[in-house]
A.B. asks: 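First the structure, then my questions, so here it is.
Excluded from the calculations below are hydrogen atoms, water molecules and symmetry mates; all remaining heavy atoms, backbone and side chain alike, are included.
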Amino acid sequence: MLGACQPGVILNLKDNTLESANFSIFLNAFSILKAGYASNHAEISDLVEDAEFDEQHSQEIIQRSQQALLSPIARLDQELSWLPELSTTQINEIGSLLEAGKITDLREAIAFLPDLPKANVLAHLCGTESADETLLQDLLRAWDDVDQLALLEFLNSQRQAADFPKIESSQLAASIRVLESTHARSAALSVWRLDEPGKVMERLVEAELKRDRASRILAEFVREYDILSEPRLARISEAIDQQIELARQPRQQLEAVTSEIAELLRQWDDVNQPVQVFEQHQGHEEGRSKQIYERLRSLCLELANERGEFRHAKRLSEALLHTFPELESVAEVLKGDVEALENLDEQQKKFSVLEPLVAACEAAKSQVPKLKSALQSSGFVPARKGAVKEIFAAFDTAAKAPGTGDAAFLVVRDLALFVNNDRNDPETAFRLVDGLITYRGAKPSQDVSSKLDEERSVLHRNWKMPELDRQSGNLGGMAKVVDEMLKYAKGNDRAELVQLKSRIERKQAGKKVKWLIYGGIAAVIGFFVISDELDRPTSRTSYQPTTTYQPSTPRQTTTSPSSNTSAETRPPVGQGLALNRAQVRYCVFQGERLEAMRSLTTTNYQISQFNALIDDYNSRCSNFRYTSGVLSSVRREAQGKTAEFTADARRIVASW
């Protein structure tokens, strides 16, 4: 016959003391005294004497067992935690298998037993080395269909035979709840004796939650597991707090600290994940995990906003998101944090690569003559010394760094715009932009490539225009400069340069009319201020904003348009002056009149007068600047006035 004591209480046979531990059938009062469900008072007294004679248990244990079986209320707990509804033969068979340790045979023997005695045997096995994940799952499922009505009928029939008072259904339900807690604790203790208890528990919880009806002891099971995990979680929480304090110390090695926090979060998750999953299913958020999250997110914000440590803040946010996805109120916040910090981290990395280049370009702005000399000597290529050395080396490093994209090209381009617009040095600007285009390393985007190509053309035109002006009257020299300009000219500029070259060639063939630059050509190839329409990186980043680029527009000279949309104002004499719309209109319109007058001049006097007008025109219109869009607008005006220009030309020539 089996022996046992009160449910949830185990006898330590070494010191004969009682302590809370695993559920055990052997220590049930019916097993201790070798009693049956129908044993009456007299039989129990005889069994007590036999037990005292056998001396297998202490006097204290025997007396407690006697008291438990003789008290109608305490007896109910012993009845439920024994093997109810089984015959004496079945009870003896189970006892023999348990004592022999034949676990496989035992599990086959209980497969078709009523649910409660099966659950009691499985709970007993939780305290043995044979406990595993499958056994724990079987225990949870055994509680699915415990038939309280059949139990009540069985126990009352046995009590009537033993002359004990019957029990009520409410008493039975209360005692079953006590037994459920006892089994749940025994199962939780068993989990903690397994390898990777958190993962085993998580699989058990998730499997139960997927079922149509989870085990009736699942909530108690999770609660008992949570109670048992408290000491370990407290140690992890304390260690996290220590690392938070370390992270806040100046000059702390954050790499080591964040690595340790990530590892502590992994340990926390290994233990606490099953509880988080269960609480989420119940519509709750696990309180201790949320406290950990709040403390660590506060650290993340501090690292990002106050110290600019985006990479470490991002790493902690990712670890939090990985650990606490079940905290639904914070999961979206963490996702946003990770995305923002990732952008800021990338921007910070990008700027750290660009910083030497930005510094080198800023320094070069105060040494434009040296930069010009170095570029004239060798171009924008690797150099051993000189003003180009640091700029190109920093550019080459930044351009080849992953993730920098167009940024390195835009920084050097910004220097070129400054040199052209603020230092009036298109040659140096051209050599910088040409170096970017011919660079053999990484290539910029198609948009930036197209922009650089367009600006190279403008810069080359700005550079060569004064040379063309200086060659005025020297047809051979003019032809050479025009050929150089054609190398980079585009669109309408190229077409007009081709036309100019043709005129030069005709003059070289023997025409007597004095030839100087005039008309639309002079206006078109005048000096241009290039406006910066692309973004370049700045050096400032922060945690909340998500952008790090601001448009940079180099200074350009502008003038107010005339209120009279058709007015012409003769510009003052000078080179590189900024003209307003009315002055640009004069240059374009007067050029058209001069072109019409050319074929009308036949006498020496007329040719002399015509050449005087050419000289005056070139002194005012051969080299000027204007606001973007003005020249093209005025040229469109001129397209509809050909007859008017011809009539003006005839009147002027007729007046000579």
Side-chain angles (χ1 to χ4, degrees), residues 123 126 133 136-137 139-144 177-241 244 261-300 316-338:
C126 284
E133 188 173 338
L136 289 166
Q137 190 172 69
L139 173 58
L140 294 173
R141 303 286 169 85
W143 275 96
D144 284 352
R177 285 194 294 272
V178 172
L179 184 59
E180 288 173 348
S181 297
T182 304
H183 281 196
R185 180 169 179 80
S186 188
L189 285 166
S190 179
V191 168
W192 278 102
R193 285 193 293 270
L194 299 174
D195 295 333
E196 300 183 321
K199 293 182 179 179
V200 172
M201 187 68 182
E202 182 181 359
R203 288 194 293 269
L204 289 169
V205 170
E206 289 182 341
E208 285 301 308
L209 294 177
K210 288 178 181 178
R211 299 172 62 208
D212 294 337
R213 181 182 58 170
S215 171
R216 59 186 291 168
I217 70 167
L218 179 62
E220 280 293 323
F221 183 33
V222 173
R223 187 181 72 84
E224 292 292 343
Y225 172 88
D226 195 26
I227 292 171
L228 293 171
S229 69
E230 176 61 32
R232 187 171 299 187
L233 292 178
R235 289 193 296 272
I236 296 173
S237 178
E238 182 179 355
I240 288 174
D241 287 341
I244 290 174
I261 291 177
E263 171 59 22
L264 289 169
L265 285 173
R266 185 196 64 77
Q267 294 176 20
W268 180 281
D269 201 36
D270 284 348
V271 175
N272 194 244
Q273 177 70 5
V275 182
Q276 295 176 42
V277 170
F278 180 78
E279 292 293 342
Q280 181 188 33
H281 186 268
Q282 301 301 112
H284 307 145
E285 291 183 338
E286 203 280 311
R288 289 171 302 187
S289 293
K290 193 166 185 179
Q291 291 174 3
I292 293 289
Y293 153 78
E294 289 170 349
R295 299 203 296 272
L296 285 174
R297 185 168 187 266
S298 176
L299 175 62
C300 288
L316 288 180
S317 294
E318 288 174 335
L320 285 171
L321 182 59
H322 178 76
T323 305
F324 302 129
E326 293 79 17
L327 301 180
E328 294 181 355
S329 67
V330 303
E332 290 303 316
V333 174
L334 285 171
K335 290 177 183 177
D337 286 354
V338 170

A.B. asks: Is there a donor-acceptor pair closer than 3.5 Å between any side-chain N or O of Arg193 and the backbone N or O of Cys126?
C.D. replies: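 Such a contact is found between Arg193 side chain and Cys126 backbone.
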A.B. asks: A side-chain contact here means heavy atoms from C-beta on lying under 4.5 Å apart; do Arg185 and Leu228 qualify?
C.D. replies: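 Arg185 vs Leu228: side chains touch.
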A.B. asks: I need the minimum non-hydrogen distance between Cys300 and Leu320, along with the two atoms involved.
C.D. replies: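 So the minimum-distance heavy-atom pair works out to SG-CD1, 4.5 Å.
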A.B. asks: Measuring from Gln282:CD to Leu209:CG, what's the distance to the nearest 0.5 Å?
C.D. replies: 7.5 Å
A.B. asks: Give a yes or no on whether the backbone of Leu233 and the side-chain of Ser237 come within a donor-acceptor separation of less than 3.5 Å.
C.D. replies: no
A.B. asks: Which label fits Trp192 and Tyr225: parallel for a plane angle under 30°, tilted from 30 to 60°, or perpendicular past 60°?
C.D. replies: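 Because their plane-to-plane angle is under 30°, the rings of Trp192 and Tyr225 count as parallel.
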A.B. asks: With Thr323 as reference, evaluate Asp270, Asp269, Leu334 under the side chain to side chain contact (heavy atoms under 4.5 Å, CB included) test and give the passing residue.
C.D. replies: Asp269
A.B. asks: Ion pair present between Glu202 and Lys199, side-chain N to carboxylate O less than 4.0 angstrom?
C.D. replies: no
A.B. asks: What is the distance from atom CG of Asn272 to atom CZ of Phe324, rounded to the nearest 0.5 Å?
C.D. replies: 7.0 Å
A.B. asks: Give the minimum heavy-atom separation between Leu327 and Glu285, together with the two atoms involved.
C.D. replies: C-OE2, 3.5 Å
A.B. asks: So which atom in Leu140 and which in Asp144 form the shortest heavy-atom distance, rounded to 0.1 Å?
C.D. replies: O-OD1, 3.8 Å
A.B. asks: Over all heavy atoms of both residues, which pair between Ile236 and Leu264 is shortest? Give the atoms and the distance, please.
C.D. replies: CG2-O, 3.5 Å
A.B. asks: With side chain to side chain donor-acceptor pair (under 3.5 Å) as the test, pick out the partner of Glu326 among His284, Gln280, Gln273.
C.D. replies: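 Testing each of His284, Gln280, Gln273 against Glu326, the sole residue satisfying side chain to side chain donor-acceptor pair (under 3.5 Å) is Gln273.
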A.B. asks: May I have the step-by-step check of side chain to side chain contact (heavy atoms under 4.5 Å, CB included) for Leu265 and Ile292, ending in yes or no?
C.D. replies: CA-CA 9 Å; Leu265 285 173; Ile292 293 289; 3.9 Å; yes
A.B. asks: Evaluate whether atom CZ of Arg141 has more than 12 neighbouring non-hydrogen atoms of other residues, nucleotides or ligands under 6.0 angstrom away.
C.D. replies: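 Yes, because the 6.0 Å sphere around CZ of Arg141 holds more than 12 heavy atoms from other groups.
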A.B. asks: Donor-acceptor pair, distance only, cut-off 3.5 Å: does the side chain of Glu208 make one with the backbone of Ser215?
C.D. replies: yes
A.B. asks: Are Ser181 and Arg223 close enough that a side-chain donor and a side-chain acceptor fall under 3.5 Å?
C.D. replies: no
A.B. asks: Report the distance from atom CD of Glu279 to atom CG of Asp226, rounding to the nearest 0.5 Å.
C.D. replies: 7.5 Å
A.B. asks: Given the rule in the side chain to side chain contact (heavy atoms under 4.5 Å, CB included) test, do Ile261 and Leu299 qualify, once you have shown the distances and angles that lead to the verdict?
C.D. replies: CA-CA 11 Å; Ile261 291 177; Leu299 175 62; 4.1 Å; yes
A.B. asks: What are the two closest non-hydrogen atoms of Phe221 and Met201, and how far apart are they?
C.D. replies: CZ-SD, 3.4 Å
A.B. asks: Look up atom NZ in Lys290 and atom CZ in Arg295, then write down how far apart they are to the nearest 0.5 Å.
C.D. replies: 14.0 Å
A.B. asks: Take Arg297 and Val330 through the side chain to side chain contact (heavy atoms under 4.5 Å, CB included) test and state the conclusion after the steps.
C.D. replies: CA-CA 10 Å; Arg297 185 168 187 266; Val330 303; over 6 Å; no
A.B. asks: When rounded to the nearest 0.5 angstrom, what is the spacing between NE2 in His183 and CG in Leu139?
C.D. replies: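 Rounded to the nearest 0.5 Å, the NE2-CG separation comes to 6.5 Å.
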A.B. asks: Atom CD1 in Ile217, atom OG1 in Thr182: separation rounded to 0.5 Å?
C.D. replies: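 If I round to the nearest 0.5 Å, the distance is 10.5 Å.
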A.B. asks: Val277 and Val205: which non-hydrogen atoms are nearest, and at how many Å?
C.D. replies: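 For Val277 and Val205, the tightest heavy-atom pair comes out as CG1-CG1, 4.3 Å.
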A.B. asks: Ignoring hydrogens and geometry beyond distance, is a side-chain donor-acceptor pair present between Glu263 and Gln267 at under 3.5 Å?
C.D. replies: yes
